*Asks:* 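Shown below is the structure under consideration.
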Amino acid sequence: MADLIARTRPTDEGLARTWTPEVRRRILRDVLADTPSGAHRWPHRPDRPGRPRRSRRARRAWPLAAAAAVVAALLLAIPVAFPGWLGGAPAASALDNAARGAGAQPRLEWSAGQFLRVRSVATQNGMMGLDERGRAQNGSLRTTYDDFYDPDGWVWSDRVVDGQVQRYIFPPSWGWARPGYAATMPTEKHALDAFLRARALGSTSQDEAVFVAIGDMLRQEAAPPQVRAAAIGVLGLNPKVTVTQTDDPRGRPALKVTFVDEATRPGMQQFLYLAPDTGVLLASGSDAPEMRYLSVISDRQVVNALPAELVKVLGTERVGKEVTDGKTTPIDSARGADPVPVPEQSYTTPPQASGAPAVPRPGTTATASR
């Protein structure tokens, strides 16, 4: 709790920006306007000497004053607990059209026995790891993905990693990257922002944790239209996000949504490319001095069956596995508990090196990276 209090305590600069003299005067004026004159008096009752009686006007007045005080407190606390809610983050207006389009865009629906086929190519250049002496090892990696999602979030994945064929069956992902969970999430952007800030972990700040969570949800094709629209709206509330109108790496018109936090990840950018009219994810990745990762989606379509060659190797049973070079390795199919509010979370991690791990593929497990 001490960490939570320290993390949400207003700073002098934040108070000065939010609690301006004009805001203070306006709230005071509103409180006085809603409080009847004389409400502070306690009229004397002749039938009960020495015992004052509160007037009806006074009884009506104190809830108004209390409510105004609550509003004032919220105006003070919201910018600290939920950055970007008041005043608007610079990205908000640029994402409005994409959010509206996402909400109106019919989701690619597929039923039992059908699959959403998503094809993409990922490239990674720069630091690939450390040798036995802890020295950076540089290189490059190219992976083609041919993924088949069933309606419950199971994924049959056919991929080629630098020429090596690897095939997987992944169980449904965790939390907002799982369709069943994503469908229960708030569909209003402020409510969804608060929902994610209370649950998203594993980053250097709440701002980054929310950005990563939304990217995971979009990459995993998990969100129904109204949740996807709210998620795009949440990106617009993030104070560390900027948006530019550009083309994606395939030359398609796109909004590039970029997260930058120089205090915790100096020199690093994390980004999503969204279709400006529908909010559909086109590409994603990260860029840092030591490493660049880019994943570009080429197409999506609903198909009625898995490819025969993939079925021959993996089968159709929902059991997690990897098959590489004829060797089958089980993947744990057990799903942990979905995220719950964690108010005691804190962010005291020191700044990360700019060569931090790239944005992961959806469905990352301890056994195999997707």
Side-chain angles (χ1 to χ4, degrees), residues 3-4 6-18 78-95 124-127 176-177 189-190 192-219 231-244 246 255-274 281 283-295 339 342-361 364:
D3 285 343
L4 177 64
R7 178 162 51 85
T8 57
R9 181 180 293 119
T11 64
D12 293 340
E13 294 79 5
L15 290 174
R17 287 194 304 268
T18 304
I78 283 176
V80 177
F82 305 102
W85 278 31
L86 295 180
S93 59
L95 290 169
Q124 183 172 327
N125 298 284
M127 188 177 71
W176 34 82
K189 64 182 181 180
H190 295 92
L192 181 58
D193 186 48
F195 180 93
L196 291 173
R197 285 179 181 275
R199 293 164 175 81
L201 299 169
S203 297
T204 58
S205 69
Q206 281 192 329
D207 292 331
E208 184 186 30
V210 169
F211 183 87
V212 170
I214 291 173
D216 289 345
M217 181 171 59
L218 296 178
R219 276 186 291 271
I232 294 171
V234 170
L235 293 174
L237 297 175
N238 197 316
K240 296 184 177 68
V241 163
T242 58
V243 179
T244 55
T246 183
L255 297 176
K256 186 178 183 182
V257 184
T258 304
F259 179 92
V260 175
D261 189 346
E262 288 294 333
T264 60
R265 295 197 188 274
M268 184 177 186
Q269 297 183 354
Q270 301 175 64
F271 51 84
L272 305 169
Y273 286 93
L274 304 178
L281 181 68
S284 62
S286 60
D287 198 355
E290 292 85 0
M291 183 180 64
R292 175 175 173 79
Y293 174 83
L294 177 65
S295 173
V342 187
E344 67 270 17
Q345 65 179 304
S346 62
Y347 295 93
T348 56
T349 306
Q352 302 296 302
S354 55
V359 177
R361 293 286 296 178
T364 297

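Computed from a predicted structure; not experimentally measured. In this chain, residues are counted from 1 in sequence order. Below, each value reflects all heavy atoms present in this structure, side chains not excepted, and no hydrogens, waters or symmetry copies.
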*Asks:* Roughly how far, to the nearest 0.5 Å, is CZ of Arg292 from CE of Met268?
*Replies:*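 Taking CE in Met268 and CZ in Arg292, the distance rounds to 11.5 Å.
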
*Asks:* So, do Asn238 and Val257 sit near enough that their side-chain heavy atoms are less than 4.5 Å apart?
*Replies:*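 No, their side chains stay 4.5 Å or more apart.
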
*Asks:* List for me each residue that meets side chain to side chain donor-acceptor pair (under 3.5 Å) alongside Glu208, sequence neighbours excluded, and say none if there are none.
*Replies:*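 Side chain to side chain donor-acceptor pair (under 3.5 Å) list for Glu208, sorted by chain: Thr204, Arg265, Gln270.
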
*Asks:* Which pair of heavy atoms, one from Leu95 and one from Gly236, lies closest together, and at what distance?
*Replies:*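 Looks like CD1-N, 3.5 Å.
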
*Asks:* Please examine the side chains of Leu218 and Leu274, heavy atoms only from C-beta on, and report whether any two atoms are closer than 4.5 Å.
*Replies:*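 Leu274 reaches Leu218 side chain to side chain.
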
*Asks:* Working to the nearest 0.5 Å, report the span between CD of Gln124 and OG of Ser295.
*Replies:*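 Gln124 CD to Ser295 OG: 11.5 Å, rounded to 0.5 Å.
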
*Asks:* Over all heavy atoms of both residues, which pair between Val212 and Ser203 is shortest? Give the atoms and the distance, please.
*Replies:*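 Smallest heavy-atom distance, with atoms named: CG2-OG, 4.2 Å.
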
*Asks:* If you look at every heavy atom in Gly267 and Pro289, which pair is closest and at what distance?
*Replies:*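 Nearest heavy atoms, Gly267 then Pro289: O-CD, 3.2 Å.
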
*Asks:* Looking only at heavy atoms, what is the nearest atom pair of Asp216 and Ala177, with distance?
*Replies:*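 So the minimum-distance heavy-atom pair works out to O-CB, 4.2 Å.
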
*Asks:* If I take atom CD1 from residue Ile232 and atom CG from residue Leu281, how far apart are they, to the nearest 0.5 angstrom?
*Replies:*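 The CD1 atom of Ile232 sits 9.5 Å away from the CG atom of Leu281.
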
*Asks:* What distance separates Leu294 CG from Ser284 OG, expressed to the nearest 0.5 Å?
*Replies:*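 If I round to the nearest 0.5 Å, the distance is 7.5 Å.
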
*Asks:* Going from OG1 on Thr244 to OH on Tyr273, what distance comes out if it is rounded to the nearest 0.5 angstrom?
*Replies:*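 One finds 7.5 Å between OG1 of Thr244 and OH of Tyr273.
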
*Asks:* Going by the rule side chain to side chain donor-acceptor pair (under 3.5 Å), which residues pair with Lys240 if we only count those two or more places apart in sequence or in a different chain?
*Replies:*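 In terms of side chain to side chain donor-acceptor pair (under 3.5 Å), with neighbours along the sequence ignored, Lys240 is linked to Asp207.
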
*Asks:* For the residue pair Pro339 and Trp176, what are the closest heavy atoms and their distance?
*Replies:*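 Closest approach of Pro339 to Trp176, heavy atoms only: CG-CZ3, 3.5 Å.
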
*Asks:* Minimum heavy-atom separation for Val260 to Gln269, with atom names?
*Replies:*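 Looking at all heavy atoms of both residues, the closest pair is CG2-CG, 3.7 Å.
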
*Asks:* Treating Glu290 as the side-chain partner and Met127 as the backbone partner, does any N or O pair qualify as donor plus acceptor under 3.5 Å?
*Replies:*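 Checked: no pair found.
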
